[in-house]
Amino acid sequence: MTQKPQAKLLADYQPPSHQVEHIDLTFNLSPLTTRVIAKYELQANGAQSYVQLDGVDLTLISLKVDGQPHSDFTQLVDGIKINSVPESFSLEIETEIAPEKNTSLEGLYLSDGAYCTQCEAEGFRKITYFFDRPDVLATYKVTVIGDKSFPFLLSNGNQVDSGDLEDGRHFVTWEDPFKKPSYLFALVAGDFDTLEDKFVTKTGREVKLQLFVDKGNLSKAPHAMTSLKKSLQWDEERFNLEYDLDIYMIVAVDFFNMGAMENKGLNVFNSACVLANQETATDRDYHVIESIVGHEYFHNWTGNRVTCRDWFQLSLKEGLTVFRDQEFSSDLGSRALNRIDAVNAMRTHQFAEDAGPMAHPIRPEKVIEMNNFYTVTVYNKGAEVIRMMHTLLSEEGFQRGMKLYFERHDGQAVTCDDFVNAMADATNTDLSQFKLWYQQFGTPTLHIKTKYDAQAKTYQIDINQTHAKNDPVTEPLHIPVAIELLDESGEAIALKGAPLKQDKVLELTEEKQTFVFEDIGSEPTPVLLEDFSAPCLLEYEYSLSQLGHIAKYASSYYARWEAMQILFTQQIRAYVDSEDKNQTMFGELSSVLESLFVNKPDDLAILAEYISVPNFDTLSGGYDIVPVDALCQAIERLERQIADLLKTQLTEFYQNVQDSGGLSAEEVAIRALRNKSLYYLSLTAENVSDWLKEQANSSNMTTKLGGLKSALNAQHPLATELMQEFDTQWNHDLLVMDKWFAMHATSQSDKCIDVILSLYEHPCFDKSNPNRVRSLVGTFARMNPKQFHRPDGKGYELLGNLIAELNELNPQNASRIITPLLSFKRFDESRQEKMRAQLERLAGISDLSDDLYEKIDRALN
Ligand code: B3K
Ligand code: ZN
């Protein structure tokens, strides 16, 4: 029996044994026999007669110490131990790898004919023997030799040499003057179409911007280029951060495990996160591309110039960079919509992760496979933790903290504590209690009670914070609770009497705290945890009329949306709890809903959000054992009733406000509300066929998908035909077909699983491509609760079967789609048993990857 994978602990961190200032790499590319020569000098950090380097799946060709062949070494499963070496010496190692056989998409691999690399977190060890850890920082000089059928041979930094070689080969040499850890190394070789532009930085340096896309895709590249220029500009304006190399390259590849990768000067992107035009990409895609291009660019300072000491500190760069990309999107677009997006991600995915077997702090303490920790917790909750500091310290204080952080740590590999210390020192603030956010997990709850005293004209807010059951931290957290008090006419009341941070933030540092506001003429309506000022659950008994008041008058659109979410949630819970499943729900809801249309927000996209019901995962959070059937039924019923109640308003809007097909925020908003309208109208109106057909035939992808999704959701008789037409029209474009696969995956029909199985044979489907797998099966498991949780267990079986296949092919991808099976304990006994059976069967696979082992083991034990 093979040994169980061992976890690494944060507590066991040891500094590296040696330093390496510079590394020279030469790649002689070939699909099955790529030769890699690595040359570097090592300097021991203390007396040491051996060195241990990381390396996986490498064939060793030769090894020289100080220029002489060296034979005193031992090869290990995941590295090499070289014995009898002096304290300081030069090493030359030649290895051979087979990119064509590398289906894990980690290390050096072939993506549809182009060579590319992915080294984060620990992929560099699949390329050569080195210290594959983020705290060994070196400058790199890289020579890439390849066939001339690969005209572009790219690596990090600036091109310093190039030339022709014999046998139709050529070479290019690159030098990156900035020290970096191995995870930021990149190499790309291929034939591409390129889009070029330039950016002049605030100090007048000209930067060449270059985008590489598959031949024929140039018309889909301009949006990413515009987004890149906006990113460089924004980081100068908001964070005073300037780009540092003379060239910035982005390559789009079709086979990629994630969205994109911030390699120094040479980002590699999933083509889905680059390519867009109006015919092929939705408004949502445009938004996502802009934010990911921004995210990777912002890493140049938060991640690359200052990097992580060890992988437990991942949130140092990811939480901070997500915060920065969220601010970028909010400054460029609608702040409220972006906040709604971020909070939805937290409630849909992060709260569930926090409540499941993979729960971990934003700085994990124990890891088997690092790739399993690129999570919503590390990323999104990490960003919320940064946002809380921003809320407590204000923009001005936060920027002082950032400045000090770079002054202290530019060029270093540091910890999350170093970041918080810079924030604390720059603003003279004690953040020691705040640091608990890096240790705790499980979602905290704020239990709030309010009391109005008419005689004393005071309003009292009592807050009690409690930790989740699984949280290892028991001391109270430092929590900013933003509030607003509305009077009867909907005006915000001036807050007097209780201490406040930044005008409207209650600073909670104890388990129980009371805040008393004075001079309050009549009982106010409280807006609590405004703007989701902390990643917590809120328990407060809001009445329907209070929620209606907030939905109408709160000064932030976000708070109005939040009121509607609470209102819908209350209605759904009442339905799930009630005996009589035929009762009319939501009787009193009509006046609130109607008022939203009377007093429309200027941004119609927000209105579309106001009338969106919380999704299944968000609602599940309210239950220890998720009542799958009742919940699906309740959501369906609520949507039908909203449709009935708003039929007139939605029809009027749909008929009177036309979509002009443009890309401005207003036009995007009109499309969002038109799609939402059609979605509801398809559930209630008789004569939607023409609208569905018209939208499905639109040349705008957002409009087209809006029509198709409405038809599918309502199980309209036209749905099958429209889906077939889509296939015929688009089966030449795989990224567009991903949308089609995803639509099939969310079908409510009982045939859904059979359809998915038949789609495995579709000419566009390919199990080795992560985008295809995620679109079809990932979407099914995450977004189709009714069919995934079918009582007969066929949904679980479908997922289990595919994971078993992917275990060998692409462990990272297999491990990403397993999530919905892990929280089996939250379902009824019969479902539990069937979900567990799939996990147990996977646990029995003889060559189970570390990725899957870690998750399954945590879930089962
Ligand atoms: N840093 C990469 C993610 C790497 C994931 C490795 N499994 C993308 C990003 O967060 O910007
Ligand atoms: Zn990132």
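Atoms within each ligand, like the ligands themselves, are counted from 1 in listed order. Because the structure is predicted, anything quoted here is derived from the model rather than measured.
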Quiz item: Of all N/O/S atoms in H299, which lies nearest to the Zn ion (ligand 2)?
Solution: NE2

Quiz item: In terms of ring plane angle, is the pair F124 and Y140 parallel, tilted or perpendicular, where the classes change at 30° and 60°?
Solution: perpendicular

Exercise. Would you mind reporting whether E106 and N371 have side-chain heavy atoms less than 4.5 Å apart?
Key: yes

Practice problem: Tell me which protein heavy atom sits closest to atom 10 (O) of ligand 1, plus the residue, atom name and distance to 0.1 Å. | Solution: Y379 OH, 2.5 Å

Quiz item: Could you give the distance from CG (D617) to CG (N344), rounded to the nearest 0.5 Å?
Solution: 11.0 Å

Practice problem: State plainly whether the residues K229 and D197 are in salt-bridge range, i.e. N to O under 4.0 Å. | Solution: yes

Quiz item: Does an N or O anywhere in Q118 fall below 3.5 Å from an N or O of ligand 1?
Solution: no

Quiz item: Can a donor-acceptor pair be found between the side chains of T307 and Y183 at a distance below 3.5 Å?
Solution: yes

Self-check item: Top protein contact for atom 6 (C) of ligand 1, by heavy-atom distance
Solution: E120 O, 3.3 Å

Self-check item: Residue among Y297, F239, Y243, F199 satisfying ring-ring contact (aromatic ring centres under 6.0 Å, His included) with W234
Solution: F239

Quiz prompt | Protein contact of atom 11 (O) of ligand 1 - nearest heavy atom, named by residue and atom, plus distance | solution = E296 OE1, 2.7 Å

Quiz item: Restricting to N, O or S atoms of E318, which is nearest to the Zn ion (ligand 2)?
Solution: OE1

Quiz item: Just which atoms of ligand 1 are under 4.0 Å from any heavy atom in Q812?
Solution: 7 (N)

Quiz item: To which protein heavy atom is atom 8 (C) of ligand 1 closest, and what is the distance rounded to 0.1 Å?
Solution: A260 O, 2.9 Å

Exercise. Number the atoms of ligand 1 from 1 as they appear, then name those within less than 4.0 Å of a heavy atom of K317, with their elements.
Key: 1 (N)

Quiz prompt | For atom 2 (C) of ligand 1, the option (of E262, E106, E369, E122) bearing the nearest heavy atom | solution = E262

Practice problem: Run the numbers for me: atoms of ligand 1, each under 4.0 Å from some heavy atom of M261, listed by number. | Solution: 1 (N), 2 (C)

Practice problem: Verify whether one side chain among E854 and N372 offers a donor that lies under 3.5 Å from an acceptor in the other. | Solution: yes

Exercise. Could you list the residues that satisfy side chain to side chain contact (heavy atoms under 4.5 Å, CB included) with N380, not counting sequence neighbours?
Key: A345, M346, V376

Practice problem: Report the part of M258 (side chain from C-beta onward, or backbone N, CA, C, O) that has a heavy atom under 4.0 Å from ligand 1; answer both or neither where that applies. | Solution: side chain

Self-check item: E318 neighbourhood, listing ligand 1 atoms whose heavy-atom distance to it stays under 4.0 Å
Solution: 1 (N), 9 (C), 10 (O)

Exercise. Compute both the distance and the angle, then confirm whether K4 meets the cation-pi test with Y853: under 6.0 Å from the six-membered ring centre, within 45 degrees of the axis.
Key: no

Quiz item: For the residue pair Y374 and Y379, does the interplanar ring angle fall in the parallel (under 30°), tilted (30 to 60°) or perpendicular (over 60°) class?
Solution: tilted

Quiz prompt | the Zn ion (ligand 2) to nearest N/O/S of E262 below 2.8 Å | solution = no

Quiz item: How close does the nearest protein non-hydrogen atom get to atom 7 (N) of ligand 1, and which residue and atom is it?
Solution: N371 OD1, 2.9 Å

Quiz item: What are the atoms of ligand 1, with element, lying closer than 4.0 Å to any heavy atom of H299?
Solution: 9 (C), 10 (O), 11 (O)

